[in-house]
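Take a look at the structure below.
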Amino acid sequence: MITVIGLGPMGQAMVRGFRKAGHEVTVWNRTASRAEGLDASAAPTVTDALNASELVILSLTDYKAMYDILDGQPIKGKVIVNLSSDSPGKTREAAKWASEQGATFIDGGIMVPAEQVATDVAYVFYSGPEDAVRKYEPELSVIGKVKYVGSAPGLGQLFYQAQLDIFLTTLAAYLHATALIEAAGVPVTEYHEFALENFATVNFVLEDALKNIQSGEHPGDLANVIMMGATADHIVAASNESGVDPALPYAVKSLYDRAIAKGYGRDSWTSLYEVIKP
């Protein structure tokens, strides 16, 4: 038996995946009607939902919602798998809170949209006690491939947020670039294929970037900070000229400006890492 609390699109997708895999599922949601059509046992109260299973999966808006729902409830002896999104710091606080209540806490992040949950492309980062993750790996793997990243609370959340850092920034860059094209009166369909080619190129660039980050050396023979910074200036200018919101290219330009100010002008663009890191 598995208990799922929170029946937004992600929660509903997980329940459908569990049922398709043959697992019995108990669900609870503030809006009870969201359980309709899920072929799961709808618990009348949170307490009933918790009493139904040792494994309790949360799919909520944030960690505050977890406290709102579970504080004062019988979670002793439960394995709480929180797949809600929040900061790693709040995740560590939640792990401590759950431990004080006698529960085992696992945090994680699902790295696909709801429509891809419980498919071959889905994967989920987890951190927390490894024995608990492995014990329930058969159930958790229904959601997606289990990517266990360590026992320290918050690591799963951190990997999740890091992936979204790339994802959200990339999506914003695509929209910004497309707006630049359209502002010139060019149909966006004429640009789209070039954007796709650009994304494919990034994989090649990242191989050398990793080597530079690991070594702390940033040879700038091919693309140094001054050269790349000039390009960043030009993108800002193009944005301002066309009336496209320049906030995103300004943010990128600021990294190059600071790298130059710290003496990295002749180094590779990867030296921006020295400005970004703590």
Side-chain angles (χ1 to χ4, degrees), residues 1-21 23 25-30 34-35 38 40 46 49-50 52-70 73 75 78-95 97-99 103-119 121-130 132-165 167-168:
M1 176 68 74
I2 302 167
T3 288
V4 176
I5 293 177
L7 296 176
M10 281 291 192
Q12 291 182 345
M14 284 190 278
V15 173
R16 292 189 185 99
F18 286 136
R19 290 297 296 128
K20 185 177 181 180
H23 294 286
V25 184
T26 296
V27 300
W28 183 88
N29 192 77
R30 280 195 179 101
R34 288 191 176 179
L38 287 180
V46 176
L50 292 170
S53 317
E54 181 181 73
L55 177 62
V56 179
I57 298 177
L58 307 182
S59 181
L60 305 168
T61 304
D62 52 26
Y63 273 39
K64 180 181 181 299
M66 177 190 72
Y67 297 120
D68 292 343
I69 293 170
L70 296 188
Q73 292 291 334
I75 64 171
K78 304 297 180 182
V79 176
I80 306 295
V81 180
N82 197 335
L83 299 181
S84 313
S85 177
D86 217 312
S87 72
K90 289 184 178 179
T91 304
R92 290 189 289 271
E93 292 173 3
W97 172 82
S99 178
T104 299
F105 188 85
I106 298 168
D107 66 274
I110 303 173
M111 295 312 313
V112 293
E115 57 268 27
Q116 292 183 327
V117 167
T119 69
V121 300
Y123 67 100
V124 186
F125 291 117
Y126 293 99
S127 62
E130 184 171 8
V133 174
R134 299 308 178 195
K135 177 180 178 180
Y136 287 106
E137 188 165 0
E139 290 85 354
L140 297 176
S141 63
V142 171
I143 303 170
K145 296 180 185 68
V146 173
K147 304 292 185 181
Y148 179 72
V149 295
S151 61
L155 274 180
Q157 189 71 239
L158 181 62
F159 272 71
Y160 169 73
Q161 299 297 353
Q163 286 291 72
L164 290 180
D165 186 6
F167 184 66
L168 294 182

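Quick note: residue numbers are just sequence positions, from 1.
Between E137 and R134, at least one side-chain nitrogen of the basic residue sits less than 4.0 Å from a carboxylate oxygen of the acidic one, meeting the salt-bridge criterion.
The shortest non-hydrogen separation linking M111 to Y160 is SD-CD1, 3.2 Å. Between A52 and T26, the shortest heavy-atom contact is CB-OG1, 3.5 Å. Of all the heavy atoms in A114 and A13, the pair that sits closest is O-CB, 3.4 Å. Among all heavy-atom pairs drawn from A118 and G17, the shortest one is CB-CA, 3.8 Å. Residues A21 and V142 share a closest heavy-atom pair of CB-CG2, 3.9 Å.
Counting heavy atoms from C-beta on, the side chains of R19 and L38 never come closer than 4.5 Å. Under the 4.5 Å side-chain criterion, counting only non-hydrogen atoms from C-beta, I143 is in contact with I57. Within the 4.5 Å cutoff, no side-chain heavy atoms of L83 are placed close to those of M10. Taking the side chain as every heavy atom from C-beta outward, Y136 and I106 never approach each other to under 4.5 Å. By the 4.5 Å heavy-atom criterion applied to side chains, Y126 and V81 are counted as neighbours.
The distance from the CD1 atom of I110 to the OH atom of Y123 is 12.0 Å, given to the nearest 0.5 Å. Expressed to the nearest 0.5 Å, how far CD of E93 lies from NZ of K90 amounts to 8.0 Å. From M66, atom CE reaches atom OG of S84 across 8.0 Å, with rounding to the nearest 0.5 Å. The NZ atom of K64 lies 10.0 Å from the CD1 atom of I69; values are rounded to the nearest 0.5 Å. Within the model, atoms CG of L7 and CE of M14 stand 9.0 Å from one another, a figure rounded to the nearest 0.5 Å. Separating the CZ atom in F105 from the CD1 atom in I80 is a distance of 8.0 Å, to the nearest 0.5 Å.
Within the 3.5 Å criterion, the main-chain N or O of G128 finds a donor-acceptor partner in the side chain of Y148. Although no hydrogens or angles enter the test, the distance criterion places a donor-acceptor pair under 3.5 Å between the side chain of K78 and the main chain of S53. Although no hydrogens or angles enter the test, the distance criterion places a donor-acceptor pair under 3.5 Å between the side chain of Q161 and the main chain of D86. Side-chain N or O atoms of E130 include none that pairs as donor or acceptor with a backbone N or O of S151 at under 3.5 Å. Judged by distance alone, the side chain of N29 and the main-chain N or O of R34 form no donor-acceptor pair under 3.5 Å.
More than 12 heavy-atom neighbours from other residues, nucleotides or ligands sit within 6.0 angstrom of OH on Y67. Around the NZ atom of K20, the shell of radius 6.0 Å holds no more than 12 heavy atoms that belong to other residues, nucleotides or ligands.
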Problem - T119 and V112: CA distance, side-chain angles, deciding distance, side chain to side chain contact (heavy atoms under 4.5 Å, CB included) verdict - result: CA-CA 10 Å; T119 69; V112 293; 5.8 Å; no

Problem - Residue pair S127, D107: steps toward the side-chain hydrogen bond (donor to acceptor under 3.5 Å, both in side chains) verdict - result: CA-CA 6 Å; S127 62; D107 66 274; 2.6 Å; yes

Exercise for the section: Given side chain to side chain contact (heavy atoms under 4.5 Å, CB included), test N82 with T91 step by step and report yes or no. Expected result: CA-CA 9 Å; N82 197 335; T91 304; over 6 Å; no

Exercise for the section: Verify side chain to side chain contact (heavy atoms under 4.5 Å, CB included) between I75 and W97, making sure each step is shown before the conclusion. Expected result: CA-CA 11 Å; I75 64 171; W97 172 82; 3.8 Å; yes

Exercise for the section: Begin with the C-alpha distance, continue with both residues' side-chain angles, and end with the deciding distance and a verdict on side chain to side chain contact (heavy atoms under 4.5 Å, CB included) for L70 and L58. Expected result: CA-CA 10 Å; L70 296 188; L58 307 182; 3.9 Å; yes

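Ring pair F159/F125 is tilted by interplanar angle, where 30° to 60° counts as tilted.
None of V79, V4, T3 except one satisfies the side-chain contact (heavy atoms from CB on, under 4.5 Å) rule with L55; the exception is V79.
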